[in-house]
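Everything below concerns the one structure shown next.
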2 protein chains.
Amino acid sequence: MGVATALVRSSFLVNAVYAESSREHGLTPQQGQLLCVLMPRPYGMSELGGVLGLAKSSLTGLVDRSAQRGLVRREPDPEDARAVRVALTSEGARLAKEFYAETTRRVESLAENLDETDRRVLSALLARVVFDNRVPVVFMDFGAVPPAQS
Amino acid sequence: MGVATALVRSSFLVNAVYAESSREHGLTPQQGQLLCVLMPRPYGMSELGGVLGLAKSSLTGLVDRSAQRGLVRREPDPEDARAVRVALTSEGARLAKEFYAETTRRVESLAENLDETDRRVLSALLARVVFDNRVPVVFMDFGAVPPAQS
DNA sequence: GCTAGAAAGTTCGTGCCGCGAACCGGCGGT
DNA sequence: ACCGCCGGTTCGCGGCACGAACTTTCTAGC
């Protein structure tokens, strides 16, 4: 199988899993992604647009809906009266943590038939691709590899 | 980087590339995907739902819009008066071929910094994941590796 | 200081997407 | 001949993403 085909199909798979996990947590995939991005710290709207690859107006809507559900909050930026800092509410932080953990678990399980070595190799190669192509931090890397204290 | 993080981020990347390629061909990503699936042969609506992972009603809409743009056609199934076979129009087939080729090229180029060996390993590992998880044929594998007459 | 313009966000209108519920007509077993 | 299943469509809903136009605030240049 060509590398393009492999990448496209695996993306399809990961998306499906991500979407299902979102749905089961009462989130849309976009909201799930927003929560994950906000986990480490608050972001400005434009900054979020850059990370998520969305237009400003798209962000307004996404943050509106997420705020309406009590997941995030718009705080005024103390340094710039125009700007806004989008932060998780405590409820949002709770859900984000849960969603992140469960999604990580499920995506990991997609590679459960690979042995430890293969998983490491796969991670390393994908990490290289991700790095080379300057992919923004759309999914954290916390305890991601709480790993093997080999 | 954990395997989950690597998979999620690379998916994000591939999606972005896929979406951009679609847009530049005047397609939505869903329409592009539909065209790619239909390249080898016509499909029934339910069958398409299975492959794309969509509800019946979602398919109706997608096929409607694609048909309106002259990309696909609904043909009656000669064996079953209820059923329908969705097929590419000649225009649709032309665009599909173009879109497929360009998208393959771009996705491949995401791994351009990997040497031939690494690319092969990456393909093999992803193919394994895709196979183990029964991912439907959402992206063909034609001349996928027409490559290098080294 | 003042003003021209850039930057941060919002609003608005449009089209696409995905879903479930309800529905219709053909198919098939009994 | 009937009744249940199956393939598809319709409808109404909410979410998503965009560009264009607009408001307010910041900042450069003079």
Side-chain angles (χ1 to χ4, degrees), chain A residues 12 15-35 37 42-87 138, chain B residues 12 15-35 37 42-87 138:
Chain A
F12 182 84
N15 281 336
V17 169
Y18 198 97
E20 189 185 338
S21 180
S22 303
R23 203 170 39 75
E24 290 179 18
H25 286 83
L27 299 170
T28 64
Q30 289 78 5
Q31 287 168 354
Q33 200 168 32
L34 177 60
L35 293 195
V37 168
Y43 277 72
M45 296 292 280
S46 301
E47 204 179 357
L48 274 178
V51 172
L52 298 178
L54 297 177
K56 305 186 293 179
S57 53
S58 308
L59 253 297
T60 299
L62 180 56
V63 171
D64 278 353
R65 289 182 295 272
S66 305
Q68 211 134 22
R69 298 200 181 178
L71 305 174
V72 306
R73 187 177 39 223
R74 278 185 174 91
E75 299 172 346
D77 183 327
E79 318 243 317
D80 187 339
R82 297 170 297 179
V84 140
R85 289 190 325 172
V86 182
V138 285
Chain B
F12 182 84
N15 281 336
V17 169
Y18 198 98
E20 188 185 337
S21 181
S22 303
R23 200 170 42 75
E24 288 177 18
H25 285 84
L27 299 170
T28 64
Q30 289 78 5
Q31 288 170 353
Q33 200 168 31
L34 177 60
L35 294 193
V37 169
Y43 277 72
M45 296 292 281
S46 301
E47 203 179 1
L48 274 178
V51 173
L52 298 178
L54 297 177
K56 304 187 294 181
S57 55
S58 307
L59 253 296
T60 299
L62 179 56
V63 171
D64 278 353
R65 288 183 296 271
S66 306
Q68 213 134 22
R69 297 199 182 177
L71 304 174
V72 305
R73 189 176 38 223
R74 277 185 176 90
E75 298 173 346
D77 183 327
E79 318 245 318
D80 188 337
R82 296 170 297 177
V84 141
R85 291 190 325 172
V86 182
V138 286

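Bear in mind that the values here come from a model prediction, so they are computed numbers and not experimental data. Just so we're on the same page: letters track the sequence lines, and every chain starts at 1.
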Starting at atom CZ of A:R82, determine the distance to atom P of D:dT25, rounded to an integer number of angstrom. 10 Å

Without decimals, in angstroms, what is the distance between A:R65 CZ and D:dG14 P? 12 Å

Classify B:L59 by what it touches in the nucleic acid, base, sugar-phosphate, or nothing, heavy-atom distance under 4.0 Å. nothing

Nearest-Å distance for atom pair CG/C1', residues A:L48 and D:dA17: 15 Å

If the cut-off is 4.0 Å, is B:S57 near the phosphate of D:dC11, judged by side-chain N/O to OP1 or OP2? no

Comparing B:A81 and A:G44 on DNA chain C - which has the more 5′ nearest nucleotide: A:G44

Quick check on C:dC17: is either OP1 or OP2 less than 4.0 Å from any side-chain nitrogen or oxygen of B:S58? no

Atom CZ of A:R74 and atom C1' of C:dT10 are separated, to the nearest Å, by 8 Å

Quick check: closest heavy atoms across B:L34 and B:S66, and the distance to 0.1 Å? CD2-OG, 3.5 Å

In a check of side chain to side chain contact (heavy atoms under 4.5 Å, CB included) between A:T60 and each of A:V63, A:D64, A:L62, which one passes? A:D64

So which nucleotide from C:dC19, D:dG15, C:dC16 ends up closest to the side chain of A:T28? D:dG15

What integer distance in Å separates A:L34:CG from D:dG15:C1'? 14 Å

Between the CZ atom in A:R69 and the CZ atom in A:R65, the distance rounded to the nearest 0.5 Å is 8.5 Å

Please confirm whether the shortest side-chain N or O distance from A:R23 to OP1 or OP2 of C:dG18 is below 4.0 Å. no

What is the distance, to the nearest angstrom, from the CG atom on B:L54 to the P atom on C:dG18? 5 Å

In whole Å, what is the span from the CG atom of B:D80 to the P atom of C:dG26? 11 Å

Without decimals, in angstroms, what is the distance between A:R85 CZ and C:dG9 P? 12 Å

Between A:T60 and C:dT10, is there a side-chain N or O to OP1/OP2 distance below 4.0 Å? yes

Taking for each residue the nucleotide of DNA chain D bearing the nearest heavy atom, is the 5' side occupied by B:G61 or by A:K56? B:G61

So which heavy atom on A:Q31 is nearest to which on A:G26, and how close? OE1-O, 4.4 Å

Please tell me if the side chains of A:L71 and A:L27 come closer than 4.5 Å, counting only heavy atoms from C-beta onward. yes

